[in-house]
Structure formats: C-alpha cells, structure tokens
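Here the structure comes first, spelled out in structure tokens, and everything after it is commentary.
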Protein chains: 2
Amino acid sequence: MTRKQRELFEREQLILDSAQKILQKEGMQGLTMERIAADIEYSKGTVYNHFSSKEEIISGISCRCMSSLTEMFGRARDYSGSHRERIAAIGIAQSLYAQLHPLETQNMQIIKSPAIREKVSEEKQLRLFQQEQNITSIVLEIVRDAINDNDIPKDQPHIPHSIMLGLWTMGYGSNLLSMTAIPFEKLGMQDPLEMAWVNSHKLLDSYQWQPLSSEFDIYELREKLYKELFPEEIKQLNKLKIKI
Amino acid sequence: MTRKQRELFEREQLILDSAQKILQKEGMQGLTMERIAADIEYSKGTVYNHFSSKEEIISGISCRCMSSLTEMFGRARDYSGSHRERIAAIGIAQSLYAQLHPLETQNMQIIKSPAIREKVSEEKQLRLFQQEQNITSIVLEIVRDAINDNDIPKDQPHIPHSIMLGLWTMGYGSNLLSMTAIPFEKLGMQDPLEMAWVNSHKLLDSYQWQPLSSEFDIYELREKLYKELFPEEIKQLNKLKIKI
DNA sequence: CGTATAATATGACGAAGCGTCAAAAAATGT
DNA sequence: ACATTTTTTGACGCTTCGTCATATTATACG
C-alpha cells in the first residue's frame, strides 16, 4: 500500500508544482485544468482524480505555501534575541514572503473567502485550518513568552490575542494593499510594506512591549534580522528586483 | 443631446442596480451578463453596449460604493468633536460599511487587483483612482488638522501619511479577515473588527494623538458616534443581525 | 407625412473552460 | 494465461463569455 500511496502523493505534488509554475507564468486566468494536464502529460480526467476542482488546487497550493511560511515563522520564533526582536522577525518574514511570492500570497487570501472555501472538501479545509492554527500559535507563543518575562505589562486586557490580531491585520492589510494597482507614489505615499514596519513598532510600543522603539533603531534591527535569519530570501529578493 | 445622455446614464444605473441585487441574492458566481440582461428586460448585447465585461460592472458598482463610503467619511470629517474623535469616526464608518455591505466591500478589494483592473477601461480606472483619492484625502485632512492644532506632536517623520496608512491597512486587514471563513472563535479570538477598534486607538496613542485613550473610554466614544453620526446605519445593522 | 439615414437592440454563434462518464488501458491477483 | 480491479483517457454536455450581422427603432429632412 505504501508504494501506491507514495506514487499518489508524488503526483499530487507534481500537479501542484505544475499549477504553481503556470500561475507564476500566466497568472490566475491562465491556470486551467487542461493546461495543467498538458503540462504534466496526463489527461484532464487524471487531474480530476486528484483535485475535483480548481479551488481544490488553489487550496493545495495555499497549504504548501502556509507550510513554508510556517517554516519562516519558526525561524523567527527560534531566534535567540529579545522577544521584541523575535516578534519583529515575524513581521519581516510575513513581508518577505509576500514580496517573494505575491501570487501565492494572493491565493492564500482568496482561499480564505467562504465562496471559494465551500467548494473545497472537508479534509482539505481541515488541513487549511490546522495550518492557520500553526501560524497563529507561533505568534501567540512569542507574545506569551514576552508576557511571562515581563517585557509586556500584564495590566492590559485581551492580550495576547489582541496583539497578535493587531499585527496580523496590519501585516495582512499592507501585503494586500501593496499588491493592488493603487499608485501609492502618485498619491504621495510610501509603499505600505515600508509603513507597516514603522506602524507595527508603533503598535508594539503602545502595548509597552520592551524595549520600546525609542531605545533602538528599527532599521538597524531590520538589517540585522535580514542578515541573520533570512539571508537566502534577501538574495532571492534582490535577484527578483534586478529582473524587474 | 442631454436627454440621450440622461437615458444612457439612467440605464447604466439600472444595470448596476440589477447587478448589485443579483450579487446580493446569488453571490459572485450567480452574476452573469445574461442574468442581468434578463433582469432588466433587455438583451445581452445591450448590456455589453454599456459595460464591455463583468469586470467593468464590478468596477462600476465599486465606484458607487466608494461614493457612499465617501459620504460616510464626510460625516466623520464634518463632526464637531475633537480631531481624535473625528478620526475615530472614520474607523467606525469603515467598519460599519463593511458590516452592512460585505459583498460590496469584497468587490472594492477585488477591483484593486491588477489582474482585474487591467480589464477595465482607462476611463473607469481614472474614476476609481479619483474615488480612492477622495477617500484618502478626507483622512489626510483630519490628520493635518490635528497636527495644525497640536493634537499630534510634529517631531515624528512620515506623518500624516504613515498614520493614514496605518489606520487604512489595519482597517482593511480587519475587514477582510472578518469576512473570511476563518473560525476566530474556535481559535479563541474575538472578532477582528472588534480588535481593530482597540488596536487603532493603540496606534493613535503611539503617535501621541491627544487626547490619549487613557483619558477617555473608547467604548463610550463609540456609542456616542454611533448615535450622533451613524444612527441610520446602526438601525440597518440591527435589522440585518436579527435576520441572521 | 413618408422616406433615408443613423443609432440602438437583438440573439444566434463560435470559442473556451468546467466537470462527467463510459470505454480503453494498465496493473494486479490467481 | 486469464479474470478482476484500478487507473487513465478524451469525447461529451453544459455554461458563460464576448462578437457581430441583422432587425428594430429613433431621428433628420425633403
């Protein structure tokens, strides 16, 4: 049974690889079941044996993406610096991922909408839910560590969920806004991603998460975290920027 | 000529009304050109004479929605309270609108994505851009007033755009997250919209926007603004909640 | 008023994608 | 070698999109 299952799993990955490649090259509307079938040199029916709709494929891709995002978040969690540095690293991970994989980031957004999700099988939905939980639990872990070590005063209500949601919504909103067709420069604004870095720290300051940003240079910190935690990602990002 | 133009304009509105109605009842996938044509009792070709694609219709709806959002923002701007109260009212407007018109809010998000926007005519894109500008300029106006009246210290960089973007991204992210299929309660969290209210004030506090939230009760303020600025919306929202 | 011309509306049509399913092919068991 | 199960295939029906030649209606003018 194991070989069968392995073969099945491998082709599933093959399909997702192909789908991601097509998505990369030709965008969402270029992604069709027949296009995938042609690419992996199987027939459409075979693809449908694995994924019963386009939505399921998107969900599959998103699940893998959330895994790699989780891996990056894990690096942040395991960082040996202060808790404030660790939570900052989460923000950086989120932003880097969005820059490196804009389409996949959009997918992860799309798959969250009820209209799409209701077309996805129970089993795949459960997987997505677990991935979401993994991600949030890493963030919560850091916040809790900070509270336990008295980096955040305990007298405030709702913590740690409110901090987590604050960072999440701001990061999420920034990622999405920065991918839109809105010409921020024309409107006299900086890139939302850049602003998110500043505003996240403002938010953390407001929760009195020590050390406050007045006590260090947030840009120096960013450079440090780039170098120590995400050197590969930065390299890729530079390549990508040169291409464009 | 004016009568012709008026007729044209009126039918355009008729189409958009119908599209919005269908969207309300049957969701995005129920919205087809033929469905609209049947509804307004014209043929498909006629609909295409007005809007050359579904995307253009979504864009048209979004444009009107942004108008009504602008109107609500305008009420916030014209409020006679402190600048901090006025900016808080903006947040309430944004959140109320999202709750009253979830589908339309999603549309306004969808229309921001480049893939969709490139299918929209230059002319309509310009309109969207102007609407976006209207909205942001209201927020900026309030921030500038606050700076001029020394409610916000002037020693910080990037202001007022960074405040505006901070609130925007957080509100935007919360709205979107709250509409997803993510079961926040299961994850032990409150509704993102509720958290956005708290976190927005945290952010404003961090910019030292006077009076700080420690000097007043943000929930009392919310009730006050509900009553004084958005009574109609609250009434509708209650109706909507009873229905569900 | 009638006719010519312009403007507008129509729905049949081809193209493309989705998802299904009976039949063919391959794999497995005996 | 043959029977049975599993997997693969691509033709098919269905839906929607967007187009366009034709039909209809409105407008201008003698």
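Order of the sequence lines sets the chain letters (A, B, ...), proteins ahead of strands, with each chain counted from 1.
As rounded to whole Å, 11 Å separates atom P of C:dC18 from atom CD1 of A:Ile58. Rounding to whole angstrom units, CG of residue A:Asn49 and C1' of C:dT20 are separated by 11 Å. Taking atom CZ of B:Phe51 as the reference point, atom P of D:dC17 lies 15 Å away to the nearest angstrom. Taking atom CG of residue A:Leu31 and atom P of nucleotide C:dC18, one finds them 8 Å apart after rounding to whole Å. For the pair A:Glu7 CD and D:dT6 P, the interatomic distance rounds to 15 Å; values are reported in whole Å. Between A:Glu34 atom CD and C:dC18 atom C1' the separation is 8 Å, expressed in whole Å. Atom NE2 of B:His50 is separated from atom P of D:dG18 by 16 Å (rounded to the nearest Å). Atoms CD1 (A:Ile57) and P (C:dG19) sit 10 Å apart, rounded to a whole Å.
Nearest approach of B:Ile135 to B:Thr70, heavy atoms of both residues: CG1-OG1, 3.5 Å. In plain terms, the two heavy atoms of B:Leu176 and A:Leu176 that are nearest each other are CD1-CD1, 3.5 Å.
Along DNA chain D, the nucleotide closest to B:Lys119 and the one closest to A:Arg11 are compared, and the more 5′ of them pairs with A:Arg11.
Closest to the B:Thr32 side chain, of the nucleotides D:dT16, D:dG18, C:dG19, is D:dT16. For A:Lys44, counting side-chain heavy atoms from C-beta on, the closest listed nucleotide (D:dC12, D:dC17, D:dT8) is D:dC12. Ranking C:dG19, D:dG18, C:dC18 by closeness to the B:Tyr48 side chain, first place goes to D:dG18.
Using a 4.0 Å cut-off, no side-chain N or O of B:Tyr42 falls inside it from OP1 or OP2 of C:dA9. The shortest distance between the side-chain N/O atoms of A:Arg35 and the OP1/OP2 oxygens of C:dC18 is not below 4.0 Å.
Across all strands, A:Thr46 comes closer than 4.0 Å to base atoms (heavy-atom distances). Residue B:Lys54 is in sugar-phosphate contact alone, with no base atom involved, counting any heavy-atom pair closer than 4.0 Å across all strands shown.
Taking the six-membered ring where tryptophan is involved, the planes of A:Tyr97 and A:His101 are tilted, since the angle between them lies from 30° to 60°.
At least one donor-acceptor pair closer than 3.5 Å links the side chain of A:Ser200 to the backbone N or O of A:Ala196.
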From CA spacing to verdict: side chain to side chain donor-acceptor pair (under 3.5 Å), A:Asn175, A:Thr105
CA-CA 8 Å; A:Asn175 281 346; A:Thr105 304; 5.9 Å; no
